[in-house]
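Here the structure is laid out as structure tokens; the discussion comes afterwards.
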Amino acid sequence: MAILAQIQQKARDSLAAAAAAAFPNVTLPAFVVQRPREGAHGDLACNLAMAMASVARRPPRQVAEAIVAQLPGPAAAAALPLGRAEVAGPGFINLFLRPGWLLPVLGEVRTAHGAYARSAVGGGRRVLVEFVSANPTGPLNVVNCRAAAFGDALVRCLNAAGWRAESEYYVNDAGGQFRRLGESLRARVVELQGGELELPEGGYPGEYLIPLAEEFATAHPTDAPVEEYARFAVQRILLQQKESLARFGVVFQHYAHESRIRELGEPQRVVAALRAAGHTFERDGALWLRSTAFGDNDDRVLVKRDGEFTYRVPDIAYHAEKFGRGYDVLIDVLGQDHHGDVASVRAGLEGLGLPVDRLEVLLNQLVRLVRGGETVRMSKRGGTFISMDEFLDEVGTDAARFFFLMRTIDTHMDFDIDLATRQASENPVYYVQYAHARICSLLRQAAEAGLAVPAPSEVAGDALQHPAEAALMLAMAELPEEVRAAAEARAPHRVTTYARVLAERFHNFYVQCRVIGEAAPTAAARLLLAEAARAVLVETLGLLGVSAPERM
RNA sequence: GCGCCCGUAGCUCAGGGGACAGAGCGAGUGCCUUCUAAGCACUUGGUCGCAGGUUCAAAUCCUGCCGGGCGCACCA
């Protein structure tokens with residue numbers, strides 16, 4: 001267990017024992033031992049006295065005093081490196097630990113070999129995270145890019161926290177949209193051969209189909225069925241999407257295809273099962289799902305009057321198929337414009353008797369690009385649509401990932417392109433990366449000066465007591481807990497916030513504490529601290545998928 | 001009308017039961033003959049949308065309202 005978690009556990013135990021001794025007839029309420037925001041409030045703070053006040057029938061501060069009186073003295077404190085305890089504020093018990101209590105962090109980072117953030121809270125549970133899943137009808141856009149950054153970082157965080165997480169992309173390569181894509185491509189081929197461009201109703205006017213039309217025309221007969229046009233277009237567009245994603249550092253483990261779900265006859269099976277379970281009814285020549293019985297606002301059509309499935313049938317079938325693969329949790333990252341579909345899919349799954357409570361749907365809110373203080377209006381019709389590739393050309397992978405991951409997924413965000421592309425101090429990406437580059441430079445120069453990074457065991461217990469050193473170690477100690485929280489809350493942006501704090505602590509240390517030229521024990525201890533900070537930074541940036549440059 | 005998300009500093013956003021609410025940008029002032037100034041230190045700036053409720057304790061949880069975004073097809 002990580003040092004911070006260990007100490008917190010020991011503090012809990014000591015406080016609980018002290019409280020039991022002071023108030024033998026009182027059942028202990030739930031309480032927390034947390035890290036106070038304010039340094040003056042000690043290393044750890046506990047709310048036990050305030051929580052106990054009513055049952056102990058004494059004012060909180062008196063309860064706190066009584067507990068503190070029962071805490072083990074320094075001699076007996078082998079379990080907890082307690083310096084002193086103090087009653088403060090409305091009745092907090094603040095614990096001040098003996099200097100050096102954080103030193104074990106350095107050893108932990110060293111022996112973890114890049115897996116310092118790892119914890120076991122996930123318990124090996126299997127999670128499938130589906131994200132992006134853009135329609136294969138055109139290039140990826142900026143919102144897809146945000147989803148990619150989020151989903152990929154979430155998978156990384158989950159895996160670090162002890163889950164077994166995998167990524168998946170669902171390809172809608174069937175149905176009406178698919179057919180219209182084929183018709184759009186065919187229209188482009190006709191245009192290429194001198195005809196008039198006649199796009200179908202709801203077709204795809206994007207120019208990206210032109211090179212595809214050229215390619216198609218050279219290898220296929222013009223009278224090929226629409227299916228063939230569509231399959232060709234999807235195959236090429238998907239390839240381009242994969243390239244964009246790869247460039248962004250996102251590689252999916254699984255691609256699931258709607259066409260495959262249909263080939264297997266899953267939609268038919270779903271409809272039959274829902275019908276057999278009595279969750280359907282017929283009206284106006286269509287077959288409906290009684291989804292209101294499962295909390296949906298309206299009942300929904302499953303099979304249209306013309307005998308075709310609505311899109312939600314393969315959707316339900318796909319989710320049922322995912323459950324069938326044995327995952328403990330399914331996570332869908334959806335664009336918020338699709339949130340209306342969630343209830344009916346859930347209803348269908350519930351109707352099939354599947355454990356819908358294990359399906360988590362996270363909604364990816366919109367992104368607005370801001371350039372020169374003005375929002376960049378993006379419209380597919382107006383031709384001002386910005387693709388993921390164009391966006392990455394301008395912003396770069398590191399800045400794009402970092403910026404997207406600074407915000408929670410469930411808030412719309414303004415992406416300030418000017419700030420993200422500025423190569424200067426005010427850009428948070430560089431701030432963090434610069435900390436890493438600085439450490440690397442320091443380590444290089446130390447090596448040239450003949451200074452070797454010592455083993456953690458060689459560092460004296462009273463070393464590294466400068467406030468900036470302690471603050472840096474504390475930040476390092478917090479990583480495993482931060483990653484656990486990010487994984488559990490499905491909130492990788494917490495790691496980004498953490499990265500900024502860690503970088504800040506290092507910059508502070510760097511400015512206040514010199515390494516090269518200091519007395520040997522100090523220089524050695526600081527060198528180890530810097531090296532450990534470097535390792536933690538690398539790991540943190542790795543969770544975000546952002547690079548850690550050695551020089552800037 | 002119904003549903004989901006969001007209202008925190010001039011702007012963009014963290015903080016999601018604890019003690020005087022934070023960062024970046026913006027505005028202003030210092031610090032490079034010593035390990036990267038893409039840095040550090042300081043100043044400026046907030047009835048945490050409003051009103052109730054729960055709690056020893058609410059920006060944080062609950063309810064209602066107000067404001068903004070997005071959905072509400074036998075399109076996907």
Side-chain angles (χ1 to χ4, degrees), chain A residues 32 34 36-38 40-41 45 47 49-54 59-60 88-92 94 135 137 172 174-178 180 201-202 258 283-288 296-298 300-306 308-312 314-315 335-343 361 363 365-366 368 370 373 406-416 418-419 422-431 433-435 437-446 448-449 451 489 491 493-494 496-497 500-501 504 506-508 510-518 523 526-527 530 551-552:
Chain A
V32 293
Q34 58 193 172
R37 232 198 319 249
E38 200 72 30
H41 296 151
N47 66 347
M50 292 177 291
M52 272 180 79
S54 57
F92 286 102
N94 292 338
N135 287 321
T137 52
N172 289 102
Q177 208 168 249
F178 175 72
R180 282 190 293 278
E201 179 82 24
E258 179 179 353
R283 188 208 291 160
D284 304 332
L287 184 74
W288 295 67
D296 197 357
N297 290 329
D298 292 299
R300 310 287 178 180
V301 172
L302 293 176
V303 183
K304 297 187 263 184
R305 205 164 13 194
D306 63 7
E308 294 276 312
F309 296 120
T310 56
Y311 68 92
R312 67 178 61 88
D315 264 14
Q336 70 131 22
D337 51 334
H338 286 98
H339 87 267
D341 308 335
V342 176
V361 179
L363 297 174
Q365 300 291 328
L366 293 179
R368 213 163 41 163
V370 178
M406 283 199 296
R407 313 297 189 221
T408 64
I409 194 71
D410 44 30
T411 183
H412 342 121
M413 73 175 285
D414 283 7
F415 193 108
D416 187 339
D418 300 323
L419 180 60
R422 216 174 303 165
Q423 304 217 348
S425 59
E426 62 266 30
N427 187 334
V429 192
Y430 292 110
Y431 183 78
Q433 291 184 319
Y434 182 57
R438 258 186 159 177
I439 300 176
C440 290
S441 171
L442 171 60
L443 293 172
R444 279 193 301 267
Q445 297 201 29
E448 280 168 25
L451 280 172
H493 77 277
R494 298 182 62 125
T496 316
T497 304
R500 299 170 75 175
V501 172
E504 180 184 28
F506 175 76
H507 286 308
N508 264 298
Y510 184 86
V511 167
Q512 295 182 56
C513 305
R514 296 200 61 78
V515 178
I516 299 163
E518 291 294 308
R526 287 180 174 170
L527 204 55
R551 294 172 201 271
M552 286 175 72

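Convention: sequence-line order gives letters A, B, ...; per-chain numbering from 1. Owing to the predicted nature of the structure, the values given are computational and were not obtained by experimental measurement.
In this structure, A:Arg300 places its CZ atom 13 Å from P of B:G3, rounding to the nearest Å. The CG-P distance, from A:Asn508 to B:C35, rounds to 18 Å in whole Å. Straight-line distance from the CG atom of A:Asp306 to the P atom of B:A73: 18 Å, rounded to whole Å. Atom CE of A:Met52 and atom P of B:G18 are 21 Å apart (whole Å).
Across all strands shown, the partner of B:G30 is B:C40, judged by Watson-Crick or G-U wobble contacts whose two distances both fall under 3.5 Å. Pair assignment for B:G1: B:C72, on the basis of Watson-Crick or G-U wobble contacts that are both within less than 3.5 Å. Under the Watson-Crick or G-U wobble criterion, with both distances below 3.5 Å, B:A23 is paired with B:U12. Using the Watson-Crick or G-U wobble rule with both distances under 3.5 Å, B:G46 pairs with nothing in any strand shown. Pairing for B:U63 goes to B:A51, judged as Watson-Crick or G-U wobble with the two contacts each under 3.5 Å. Pair assignment for B:G18: B:C56, on the basis of Watson-Crick or G-U wobble contacts that are both within less than 3.5 Å.
With hydrogens and angles ignored, a donor-acceptor pair closer than 3.5 Å exists between the side chain of A:Asn94 and the base of B:A19. Contact annotation: side chain of A:Gln365 to base of B:C70, donor-acceptor pair absent below 3.5 Å. Taking only distance into account, the side chain of A:Tyr430 never meets the base of B:A38 through a donor-acceptor pair shorter than 3.5 Å. Taking only distance into account, the side chain of A:Asn47 meets the base of B:G18 through a donor-acceptor pair shorter than 3.5 Å. Side chain A:His338 to base B:G71: no donor-acceptor pair is found below 3.5 Å.
Map A:Ile439 and A:Arg494 each onto its nearest nucleotide of RNA chain B; the residue landing nearer the 5' end is A:Arg494. RNA chain B is contacted by both A:Gln336 and A:Pro60; A:Pro60 maps to the nucleotide lying nearer its 5′ end (nearest heavy atom per residue).
Within the nucleic acid shown, A:Ser441 comes within 4.0 Å of at least one base atom, counting heavy atoms only. Residue A:Tyr510 is in base contact, counting any heavy-atom pair closer than 4.0 Å across all strands shown. At a threshold of 4.0 angstrom between heavy atoms, the contacts of A:Gln512 with the nucleic acid are absent. Within 4.0 Å of A:Pro36, counting heavy atoms only, lies at least one base atom of the nucleic acid. The residue A:Gln445 sits close only to the backbone: its heavy atoms come under 4.0 Å of sugar-phosphate atoms, none of a base. Within the 4.0 angstrom heavy-atom criterion, base atoms lie near A:Val301. Here A:His507 lies in heavy-atom contact (under 4.0 Å) with sugar-phosphate atoms only. Residue contacts for A:Ala286: at a heavy-atom cut-off of 4.0 Å it reaches a base atom on one of the strands shown. Using a 4.0 Å heavy-atom cutoff across all strands shown, A:Arg312 reaches no nucleic acid atom at all. Within 4.0 Å of A:Ala343, counting heavy atoms only, lies no atom of the nucleic acid at all. Counting non-hydrogen atoms under 4.0 angstrom, A:Arg526 reaches nothing in the nucleic acid. Across all strands, A:Leu363 comes closer than 4.0 Å only to sugar-phosphate atoms, never to a base (heavy-atom distances).
Each of B:U12, B:A76, B:A19 was ranked by its minimum atom distance to the side chain of A:Gln177; first place goes to B:A76. Each of B:A38, B:C13, B:C74 was ranked by its minimum atom distance to the side chain of A:Thr310; first place goes to B:C74. Residue A:Glu38 places its side chain closer to B:C20 than to any other of B:A14, B:C20, B:G18. Side chain of A:Leu366, nearest nucleotide from B:A38, B:G69, B:C74: B:G69. With distances taken from any side-chain atom of A:Val515 to the nucleotides B:C35, B:A19, B:G71, the minimum falls on B:C35. When the nucleotides B:G69, B:C70, B:C74 are ranked by their closest atom to the side chain of A:His412, B:G69 comes out on top. Residue A:Arg514 places its side chain closer to B:U34 than to any other of B:U34, B:A38, B:C56. Of the candidates B:C35, B:C40, B:C5, B:C5 carries the atom nearest the A:Asp410 side chain, counting heavy atoms from C-beta on. Distances from the side chain of A:Glu258 to the nucleotides B:A76, B:G24, B:C4 place B:A76 closest.
With C1' as the reference atom, B:U12 and B:U8 are 12 Å apart, rounded to whole Å. A gap of 6 Å separates the C1' atoms of B:G17 and B:U60, to the nearest Å. Nucleotides B:U29 and B:U34, compared at atom P, are 25 Å apart to the nearest Å. Comparing the P positions of B:C5 and B:C25 gives an interatomic distance of 32 Å, to the nearest angstrom. Comparing B:G67 with B:C48, their C1' atoms are spaced 16 Å from each other, to the whole Å. Only the P atoms considered, B:A9 is 15 Å distant from B:G15, to the nearest whole Å. Comparing the same atom, C1', in B:C66 and in B:C50 gives a spacing of 7 Å after rounding to whole Å. B:A27 and B:C61: their P atoms are spaced 35 Å apart (whole Å).
With 3.5 Å as the limit, one finds a donor-acceptor pair spanning the side chains of A:Gln177 and A:Asn135. In summary, the side chains of A:Asp341 and A:Tyr311 do present a donor paired with an acceptor at a separation below 3.5 Å, with no hydrogens or angles considered.
Here A:Thr408 reaches the OP1 or OP2 of B:A14: one of its side-chain N or O atoms lies under 4.0 Å away. Using a 4.0 Å cut-off, no side-chain N or O of A:Asn297 falls inside it from OP1 or OP2 of B:G1. The side chain of A:His493 places an N or O atom within less than 4.0 Å of a non-bridging phosphate oxygen (OP1 or OP2) of B:G15. Using a 4.0 Å cut-off, no side-chain N or O of A:Arg37 falls inside it from OP1 or OP2 of B:G18.
In this entry the base of B:C32 is syn relative to its sugar, with a glycosidic angle within 90° of 0.
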